[in-house]
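What follows is one structure encoded as structure tokens, with my remarks underneath.
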Number of protein chains: 2
Amino acid sequence: MQANIGDVAQRAKVSSATVSRAFKHPELVAEATREHIIQAADELDFAVSRSAAVFQTGQTFRIALLLNDPSSTWFNAHVYEGLDSVLHPAGYDIAIYPIGTSDDRHVFFENLPIRRNADAVVIASFDVDSKEIERLHSMNVPIIGISALPEEVFDYSIATDDDYAMRLVTRHLLTLGHRDIGYISLDPPENADGSLHYSANRRSNGFLAECAEAHIEPAMLHVPNTSQRVEHALTQLFALDHMPTATCCEQDRLAVPLLSRLQRLGYAIPDALSVTGFDDSTYASEVGLTTVRQDPRDMGARAARHTLGLIARIDDDSEDGAERNNDRGETNDETAGETNNKNNKTDKTPPIHESTQIRMMFRLSTGPAPNAV
Amino acid sequence: MQANIGDVAQRAKVSSATVSRAFKHPELVAEATREHIIQAADELDFAVSRSAAVFQTGQTFRIALLLNDPSSTWFNAHVYEGLDSVLHPAGYDIAIYPIGTSDDRHVFFENLPIRRNADAVVIASFDVDSKEIERLHSMNVPIIGISALPEEVFDYSIATDDDYAMRLVTRHLLTLGHRDIGYISLDPPENADGSLHYSANRRSNGFLAECAEAHIEPAMLHVPNTSQRVEHALTQLFALDHMPTATCCEQDRLAVPLLSRLQRLGYAIPDALSVTGFDDSTYASEVGLTTVRQDPRDMGARAARHTLGLIARIDDDSEDGAERNNDRGETNDETAGETNNKNNKTDKTPPIHESTQIRMMFRLSTGPAPNAV
DNA sequence: TTGTATGCGTTATCAC
DNA sequence: GTGATAACGCATACAA
């Protein structure tokens with residue numbers, strides 16, 4: 001029912017190869033014949049079948065995205081958007097594999113459902129252990145990490161230096177004279193895998209290190225990351241011997257609503273209490289939250305560009321291998337040159353590990369500490 | 001390099017057909033041979049190539065998702081998540097086509113890049129005109145609408161009744177004694193297509209209708225949907241002859257930060273001023289915003305289930321056509337019965353148009369109107 | 001610049 | 001329950 005490339009060829013009185021070229025490499029087809037072909041295609045309502053084309057190339061044109069948190073999360077949704085902004089125009093689909101629970105995770109790495117069915121794997125926002133990485137590498141496709149550790153195992157990685165960034169936040173509070181600081185982290189609820197620390201540990205480490213250097217003993221609060229997170233945070237804050245003069249939140253996700261609620265409860269912010277976040281996510285600027293800026297969309301886009309590069313490099317390699325059996329007269333010199341070039345290099349170009357530039361957003365939620373007791 | 005189905009067949013000493021069956025229809029293969037095959041496959045690190053399998057079936061196993069706003073939007077990110085939660089397990093990829101500008105949009109409908117390359121098209125959160133719909137239908141795949149109008153053109157659609165929901169919000173304010181209400185809508189910025197009204201018009205219509213019935217003349221404010229939206233809204237509010245006693249926002253996206261800022265600016269909410277939103281999106285509950293609940297994730301999931309149904313139905317139809325040429329002894333009766341069944345029906349089952357159940361979330365941002373002038 | 005021939009990996013059909 | 005084989009639609013190497 002649907003016209004195929006042969007039908008078009010017939011109608012345009014050319015071979016199917018020419019039709020194929022007319023679409024894939026228009027510059028190799030004479031202007032006139034190309035127009036003929038396009039017209040015939042239009043009349044038959046023809047379009048190249050991506051499934052067939054993709055199959056033909058041996059590539060899958062599919063990128064697997066491993067996600068621990070829901071894809072609708074501020075971070076993940078923006079990472080996805082950034083990835084897609086580069087990958088979609090390049091003809092790639094993104095398939096999300098949610099591995100939020102340890103079960104999911106186990107099953108995934110056991111079965112490796114993407115084996116032979118993805119040209120690259122992108123891991124966003126969670127850590128992987130050595131066994132998992134080994135499994136992943138057994139697929140022989142590039143592994144890309146976005147805010148994922150340990151970076152050495154990735155062919156490309158990009159991340160915010162959470163530790164350092166949180167140190168800066170802490171210093172900011174210390175400089176303002178705060179000596180009584182509450183740090184609030186969000187703990188994954190029940191069924192999540194205990195080994196998924198993403199950036200959380202690095203952030204609290206940074207905070208603790210900076211406090212230690214300043215000889216300060218902060219209050220460390222742990223709040224379950226549920227819809228009741230603000231209530232839990234408030235409860236724990238009020239349960240302290242005395243309210244801190246500053247609360248340092250692991251994420252904007254908590255800081256934004258907490259800020260709002262504290263104000264509502266009569267706390268003068270920042271006069272009585274300073275609040276900091278991390279991410280510069282939705283509403284952070286609008287509610288005036290001092291925080292660290294992350295641009296997950298940009299991280300996704302950069303990761304995607306490197307992903308394409310890594311995929312292309314792999315293809316080149318395999319082509320080299322194939323080409324050794326059949327010289328092609330005219331372009332022989334060039335080919336030989338290229339091959340030599342590649343042989344002179346090591347097998348792979350070394351992996352790149354980027355760190356995003358850290359930018360603090362100083363806003364109205366932080367101010368000098370009120371006079372201490 | 002990568003093992004294919006033939007390699008496995010060889011190693012397991014069976015035919016490739018049996019290997020294929022062992023994966024696709026395990027029940028048709030003897031227990032023993034199947035185990036053999038699985039083992040051989042494991043040893044060779046074999047996995048069925050989705051590209052090849054998909055190609056073979058003729059389906060694309062790809063769903064096109066047309067998006068007007070960025071995919072990271074609260075609404076879109078959740079719709080996507082809902083769709084993917086159903087489609088991914090069913091073996092479908094989702095490809096997002098952003099058509100945010102009129103250019104994008106024009107190019108898309110002109111070229112129809114998804115022709116022959118999607119098994120269904122899902123349109124989220126924007127309206128389509130008759131020409132566009134005609135183009136879409138020329139692809140002969142189901143068209144699904146999520147919060148998109150006009151619903152008649154879709155094979156399945158699901159939407160919130162924005163008009164009615166906003167009427168309820170308005171009534172709530174009227175009941176509280178508010179007579180001086182400001183309605184704030186977010187207008188798409190510069191380069192967006194002027195014809196994209198999504199739900200906005202329906203909401204303001206509902207508001208206006210209810211006000212008219214109550215013989216009230218509201219202040220209608222239009223704010224550009226940029227990062228400065230709150231500043232613009234505040235400016236316009238303060239520029240009014242007198243502050244309204246209630247502001248009715250078209251979206252939480254504005255209402256949440258506006259609420260926060262108004263409090264910060266010293267407005268007692270709801271004593272001096274009531275604020276309402278629409279969506280029940282991120283932080284709405286945490287800041288205590290009275291709003292209308294929407295569940296885009298659920299809408300996406302429902303839409304996805306119907307999408308699969310629609311695709312399956314199309315497949316059945318074409319199979320029927322094919323099967324007329326070759327009877328198959330044993331199952332002949334059944335087949336005949338089914339075919340008759342289908343012939344008794346009309347070509348298609350009638351489209352379904354669902355309306356989500358509306359639920360208002362009454363919270364602390366609304367209260368009785370302060371004594372009027 | 002174009003045509004011919006072939007292969008990509010899987011699945012469905014049919015015979016056994 | 002299993003094997004042989006023909007598609008599926010396209011892209012490429014090579015010949016012309």
Side-chain angles (χ1 to χ4, degrees), chain A residues 1-10 12-37 41 44 46-61 91 116-117 315 318-319 322-323 325-332 335, chain B residues 1-10 12-37 41 44 46-61 91 116-117 315 318-319 322-323 325-331:
Chain A
M1 176 190 124
Q2 276 282 18
N4 66 20
I5 210 170
D7 301 329
V8 178
Q10 228 175 334
K13 300 197 196 346
V14 295
S15 75
S16 62
T18 307
V19 176
S20 175
R21 277 187 290 252
F23 285 97
K24 197 83 192 291
H25 307 290
E27 72 281 4
L28 298 182
V29 175
E31 176 79 14
T33 44
R34 206 180 63 222
E35 279 172 7
H36 253 148
I37 292 171
L44 294 173
F46 167 84
V48 174
S49 156
R50 244 180 65 90
S51 310
V54 159
F55 163 62
Q56 209 290 141
T57 69
Q59 280 187 54
T60 71
F61 282 92
R116 278 238 288 167
N117 286 306
D315 286 357
S318 18
E319 273 170 29
E323 276 174 14
N325 298 328
N326 52 339
D327 309 47
R328 290 177 303 174
E330 204 190 351
T331 58
N332 209 11
T335 309
Chain B
M1 173 188 123
Q2 276 282 16
N4 66 20
I5 209 170
D7 301 330
V8 178
Q10 226 174 336
K13 298 196 197 344
V14 295
S15 74
S16 62
T18 306
V19 177
S20 175
R21 275 188 291 255
F23 285 98
K24 196 85 193 289
H25 307 291
E27 71 281 5
L28 298 182
V29 175
E31 177 78 15
T33 44
R34 205 180 65 223
E35 279 172 8
H36 253 149
I37 292 170
L44 294 174
F46 166 83
V48 174
S49 155
R50 243 180 65 90
S51 308
V54 158
F55 164 62
Q56 207 295 136
T57 70
Q59 278 186 57
T60 70
F61 283 93
R116 280 240 285 166
N117 287 306
D315 287 357
S318 18
E319 273 171 29
E323 276 174 13
N325 299 328
N326 52 338
D327 308 48
R328 289 178 303 175
E330 206 189 352
T331 59

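Every chain is numbered from 1, with letters handed out A, B, ... down the list of sequences.
Here B:Asn4 pairs with B:Asp7 under the side-chain contact (heavy atoms from CB on, under 4.5 Å) rule; sequence neighbours left out. Contacts of A:Ala53 classified as side-chain contact (heavy atoms from CB on, under 4.5 Å), with partners at least two apart in sequence or in another chain: A:Val48. Under the salt bridge (charged side-chain N to carboxylate O under 4.0 Å, His left out) criterion, A:Arg116 pairs with no residue at all, not counting sequence neighbours. Legend: residues meeting side-chain contact (heavy atoms from CB on, under 4.5 Å) with B:Thr18, ordered by chain and number and at least two apart, are B:Val14, B:Ser15, B:Arg21, B:Val29, B:Ile37.
A:Val14 comes within 4.0 angstrom of the backbone, heavy atoms only, and of no base. Nucleic acid contact class of A:Thr33 (heavy atoms, under 4.0 Å, all strands): sugar-phosphate only.
A distance-only check finds a donor-acceptor pair linking the side chain of A:Arg50 to the backbone of A:Gly91 [under 3.5 Å].
The shortest distance between the side-chain N/O atoms of A:Thr18 and the OP1/OP2 oxygens of C:dG3 is below 4.0 Å.
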Fill in: Protein proximity profile, nucleotides 7-12 of chain C - base contact B, sugar-phosphate-only contact S, no contact -, cut-off 4.0 Å on heavy atoms
BBBBBB
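At most 12 heavy atoms of other shown residues, nucleotides or ligands fall within 6.0 angstrom of atom CD in B:Gln10.
At whole-Å resolution of the value, CD in A:Glu27 and P in C:dT2 are 12 Å apart. Distance A:Gln10 CD to D:dC10 P: 14 Å, rounded to the nearest Å. Rounding to whole angstrom units, NZ of residue B:Lys13 and P of D:dG3 are separated by 12 Å. Rounded to whole Å, atom C1' of D:dC10 lies 14 Å from atom CD1 of A:Ile37.
Of all the heavy atoms in A:Phe61 and A:Thr57, the pair that sits closest is CE1-OG1, 3.7 Å.
Two residues are said to be in side-chain contact when any heavy atoms from C-beta on lie closer than 4.5 Å; B:Phe55 and A:Val54 fail this criterion.
The end-to-end axis angle of the helix from C:dT1-D:dA16 to C:dC16-D:dG1, rounded to 10 degrees and based on five pairs per end, is 30°.
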